[in-house]
Asks: 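Take this structure first; my questions come after.
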Amino acid sequence: MANDGLINLLNWCKRERESLQMQREMLQSGRFKVFENDGSGQRDISDQNIERITANMAELDGIIADYEAKRA
């Protein structure tokens with residue numbers, strides 16, 4: 001049972017990473033933008049979101065790599 005749970009978690013990590021990668025690519029290409037209303041108007045915070053997404057992807061990469069190294 002525990003192995004099934006870990007495999008499900010690993011699969012979720014891989015799917016989440018793919019989703020984040022697509023979001024990052026769309027933000028980097030300018031296809032999508034993220035705005036924040038700072039009281040004086042809208043401010044583009046896409047770069048901040050790209051940084052956050054990149055950090056989250058790195059964390060998922062670490063989890064995936066750790067799990068795969070233990071399986072080898």
Side-chain angles (χ1 to χ4, degrees):
M1 267 319 220
N3 262 351
D4 290 342
L6 289 175
I7 290 169
N8 288 340
L9 178 60
L10 177 67
N11 289 334
W12 178 86
C13 287
K14 289 179 178 181
R15 287 191 310 271
E16 185 66 16
R17 192 201 181 284
E18 284 180 26
S19 175
L20 290 171
Q21 184 173 349
M22 288 189 316
Q23 291 175 37
R24 184 177 69 174
E25 288 172 2
M26 288 187 277
L27 286 167
Q28 287 174 328
S29 71
R31 187 171 175 194
F32 289 99
K33 297 277 184 189
V34 178
F35 294 95
E36 173 182 76
N37 187 347
D38 64 2
S40 63
Q42 290 187 341
R43 183 172 63 103
D44 184 356
I45 58 169
S46 298
D47 289 339
Q48 293 170 6
N49 279 272
I50 291 169
E51 290 174 13
R52 181 185 51 80
I53 289 170
T54 301
N56 290 345
M57 288 173 60
E59 188 173 345
L60 288 170
D61 287 340
I63 293 168
I64 293 166
D66 286 347
Y67 179 79
E68 291 179 346
K70 290 177 184 175
R71 281 185 42 186

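When reading the values below, keep in mind they use all heavy atoms of this one structure, side chains included, and skip hydrogens, waters and symmetry mates. What you are looking at is a predicted structure, and each value in this text was computed from that prediction instead of being measured.
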Asks: If every non-hydrogen atom of I63 is compared with every non-hydrogen atom of C13, which pair is closest and at what distance?
Replies: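 Looking at all heavy atoms of both residues, the shortest contact is CG2-SG, 3.9 Å.
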Asks: Quick one: CD on E36 to CG on D44, what's the gap to the nearest 0.5 Å?
Replies: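 Rounded to the nearest 0.5 Å, the CD-CG separation comes out at 10.5 Å.
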Asks: Roughly how far, to the nearest 0.5 Å, is CZ of R71 from CG of N3?
Replies: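 One gets 9.0 Å once the value is rounded to the nearest 0.5 Å.
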Asks: Would you compute the distance between atom CD of Q28 and atom OG1 of T54 and round it to the nearest 0.5 angstrom?
Replies: 6.0 Å
Asks: Identify, with sequence neighbours excluded, every residue that meets side-chain contact (heavy atoms from CB on, under 4.5 Å) alongside D61.
Replies: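 Testing D61 for side-chain contact (heavy atoms from CB on, under 4.5 Å), a comparison that skips the adjacent residues, returns R17.
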Asks: What distance do I64 atom CD1 and M57 atom CE have between them, rounded to the nearest 0.5 Å?
Replies: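 Rounded to the nearest 0.5 Å, the CD1-CE separation comes out at 9.5 Å.
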Asks: Can you sort out the partners of E59 under salt bridge (charged side-chain N to carboxylate O under 4.0 Å, His left out), two or more places apart, ordered by chain and number?
Replies: none
Asks: Rounded to the nearest 0.5 Å, what separates atom CG in L10 from atom CG in D66?
Replies: 11.0 Å
Asks: Which residues pass the salt bridge (charged side-chain N to carboxylate O under 4.0 Å, His left out) test with D47, sequence neighbours left out?
Replies: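 Not a single residue meets the salt bridge (charged side-chain N to carboxylate O under 4.0 Å, His left out) criterion with D47.
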Asks: Quick one: pull up CZ in R31 and CE in M26 and give me the separation to the nearest 0.5 Å.
Replies: 6.5 Å
Asks: Is there a side-chain contact between L20 and E16 in this structure, where contact means two heavy atoms from C-beta onward sitting under 4.5 Å apart?
Replies: yes
Asks: Mind checking whether L27 and I45 sit in one hydrophobic cluster, side chains of I, L, V, M, F, W, Y counted as touching below 4.5 Å?
Replies: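 Yes, it is one cluster - the side chains of L27 and I45 are joined through contacts under 4.5 Å.
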Asks: Quick check: is W12 connected to L6 through a chain of hydrophobic side chains (ILVMFWY, heavy atoms under 4.5 Å apart)?
Replies: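 They do not share one cluster, since no chain of ILVMFWY contacts under 4.5 Å joins L6 to W12.
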